[in-house]
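Take a look at the structure set out below.
No experiment lies behind these values; they were computed from the predicted model shown. In what follows, chains are A, B, ... by sequence order, proteins preceding strands, each numbered from 1.
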2 protein chains.
Amino acid sequence: MSVEDGIDFAIIELFFFAYRDFTSDPDQILADYGFGRAHHRVLHFVNRRPGLTVAELLDVLKITKQSLARVLKQLIDTDHVVQLQGPRDRRQRELYPTAKGRALALALARPQSRRIHAALQDSGTTERTMVERFLEAMVNPELRAQIDVGSAKMSGKSHGEH
Amino acid sequence: MSVEDGIDFAIIELFFFAYRDFTSDPDQILADYGFGRAHHRVLHFVNRRPGLTVAELLDVLKITKQSLARVLKQLIDTDHVVQLQGPRDRRQRELYPTAKGRALALALARPQSRRIHAALQDSGTTERTMVERFLEAMVNPELRAQIDVGSAKMSGKSHGEH
DNA sequence: AGATTATGTCAGTACTATTGACGTAATTTC
DNA sequence: GAAATTACGTCAATAGTACTGACATAATCT
């Protein structure tokens with residue numbers, strides 16, 4: 001069962017290797033832009049949840065605003081992201097991807113999606129669902145609300161297309 | 001299907017959240033020792049593959065020796081890891097965990113294992129196998145040899161107990 | 001003997017993250 | 001309407017992890 005001392009070393013190790021290789025694909029592309037992983041994460045979430053505010057982004061990424069500042073500034077300066085004043089609360093800055101930003105987000109996601117697809121290629125819907133369920137169950141319960149797994153949960157949130 | 005533009009954003013995002021929370025448990029413990037994630041990874045592999053050489057460790061972690069140096073030195077100075085001159089090749093340094101090192105490695109692995117167990121608790125052997133297969137398939141094919149999934153592949157390697 | 005290998009180390013740099021402090025504008029509260 | 005709070009931005013200092021390049025030493029191989 002590959003369990004020693006009651007510890008599941010096998011999956012611990014697999015998770016490490018899997019995530020490392022999973023992130024290596026976009027890393028190569030990012031290097032061409034002088035960007036790092038932090039830029040990727042910001043761009044990903046801005047693209048996924050267009051119109052989210054700075055505070056919401058900080059909450060999702062679980063980093064400080066000082067950490068976000070540099071990265072977000074670079075994405076704005078390079079015309080990948082734009083900030084719009086919040087309509088309800090003018091203190092807020094709603095973040096949106098530009099066409100250029102969407103294109104980069106897509107380019108970064110493509111190899112990752114290909115890798116996932118390849119890993120699931122011989123599997124049916126069952127395995128895909130199981131993997132999704134497993135990954136979701138690995139997330140801290142309090143934070144599961146942050147996740148938009150599919151269109152079902154999406155509708156509950158207020159930041160849709162805009 | 002939560003797939004837009006043919007991109008599997010759902011699993012991409014789940015993988016990010018899952019890995020973030022997965023690493024957060026040991027991070028808290030490591031902070032008490034003044035260690036970081038790099039120390040965890042080194043200690044993990046030294047504990048898992050006692051007697052591995054510096055070169056093998058570098059190959060598994062995919063980092064440079066300069067990056068390893070600081071971390072490994074600290075683990076040796078704090079009596080978590082010992083180096084023994086290689087028996088066949090005296091240039092090599094075989095790395096072994098001390099009792100203290102094994103204890104820490106175990107303490108770090110415990111919450112991760114608990115999390116995995118909880119995520120799989122309602123599942124049978126099938127789901128566990130599927131998750132393992134998925135994670136393994138996410139790893140670059142060339143690198144799968146590095147992984148000891150279970151006792152089956154373990155026996156093929158030369159570094160067992162010592 | 002000379003080349004190669006395994007490891008260690010010094011120096012400089014980059015990226016991502018942190019804490020703490022302060023400023024400004026907008027909203028909320030009393 | 002004045003005061004407190006909130007959302008965001010920014011400056012400064014620090015830490016952890018990684019990189020490239022260069023050089024040194026000892027051991028092994030050719």
Could you walk me through whether Arg128(B) and Asp8(A) satisfy the salt bridge (Lys or Arg N to Asp or Glu O under 4.0 Å) test, starting with their C-alpha distance in whole Å, then the side-chain angles of each, then the deciding distance to 0.1 Å, before giving a yes or no? CA-CA 11 Å; Arg128(B) 198 207 140 84; Asp8(A) 200 333; 2.5 Å; yes
Quick one: does any side-chain atom of Arg93(B) pair with a main-chain N or O of Gln83(B) as donor and acceptor, under 3.5 Å? no
Mind checking if Arg70(B) touches a base, just sugar-phosphate, or nothing, with heavy atoms under 4.0 Å? base
From dT20(D), dT17(D), dA22(D), nucleotide with atom closest to Thr64(B) side chain: dT20(D)
Can Phe134(A) be reached from Leu14(B) by stepping across I, L, V, M, F, W or Y side chains whose heavy atoms are under 4.5 Å apart? yes
Below 4.0 angstrom from OP1 or OP2 of dG16(D), is there any side-chain N or O of His39(B)? no
Whole angstrom is fine here: how far is it from CG in Leu30(B) over to P in dA15(D)? 18 Å
Classify Lys65(A) by what it touches in the nucleic acid, base, sugar-phosphate, or nothing, heavy-atom distance under 4.0 Å. base
Is there a donor on the side chain of Arg91(A) or the base of dT6(D) sitting less than 3.5 Å from an acceptor on the other? yes
Name the first nucleotide and the last nucleotide along DNA chain C (5' to 3') that come under 4.0 Å of a heavy atom in chain B. dT5(C) to dC10(C)
Report the residue (Gly34(B) or Lys62(B)) whose heavy-atom-nearest nucleotide on DNA chain D is the more 5′ of the two. Gly34(B)
Distance col, row Ile147(A):CD1 vs Arg144(A):CZ, nearest 0.5 angstrom, shows 7.5 Å
Rounding to an integer number of Å, can you tell me how far Leu68(B) CG sits from dT20(D) C1'? 16 Å
Ionic contact status for Arg41(B) with Glu13(A), cut-off 4.0 Å: no
Euclidean distance, atom CZ of residue Arg88(A) to atom P of dA7(D) [Å, nearest integer]: 13 Å
Check every strand shown and say whether Gln83(A) touches a base, only sugar-phosphate, or nothing at a heavy-atom separation below 4.0 Å. sugar-phosphate
Nearest-nucleotide pick for Ala69(A), side chain only, options being dT10(D), dA27(D), dC8(D): dT10(D)
Could you verify whether a donor N or O on one side chain and an acceptor N or O on the other, from Asn140(A) and Arg115(B), lie under 3.5 Å apart? yes
Let me know the distance between CG of Leu57(A) and P of dG9(D), rounded to the nearest Å. 11 Å
Write down the distance between CD (Glu94(A)) and C1' (dC8(D)), rounded to a whole number of angstrom. 14 Å
Are there over 12 heavy-atom neighbours, none belonging to Lys62(A), within less than 6.0 Å of that residue's NZ? yes
Whole-Å distance between dG9(D) P and Gln74(A) CD? 15 Å
Side-chain N or O of Ser67(B) less than 4.0 angstrom from OP1 or OP2 on dC19(D)? yes
Relative to the ring of Tyr33(B), is the ring of Phe35(B) parallel (under 30°), tilted (30 to 60°) or perpendicular (over 60°)? parallel
With nearest nucleotides of DNA chain C determined for Arg90(A) and Arg37(A) from heavy-atom distances, which residue corresponds to the more 5′ nucleotide? Arg37(A)
Answer with base, sugar-phosphate or nothing: what part of the nucleic acid does His40(A) contact at a heavy-atom distance below 4.0 Å? nothing
Would you kindly check whether a donor in the side chain of Gln66(B) faces an acceptor in the base of dG21(D), or vice versa, at under 3.5 angstrom? yes
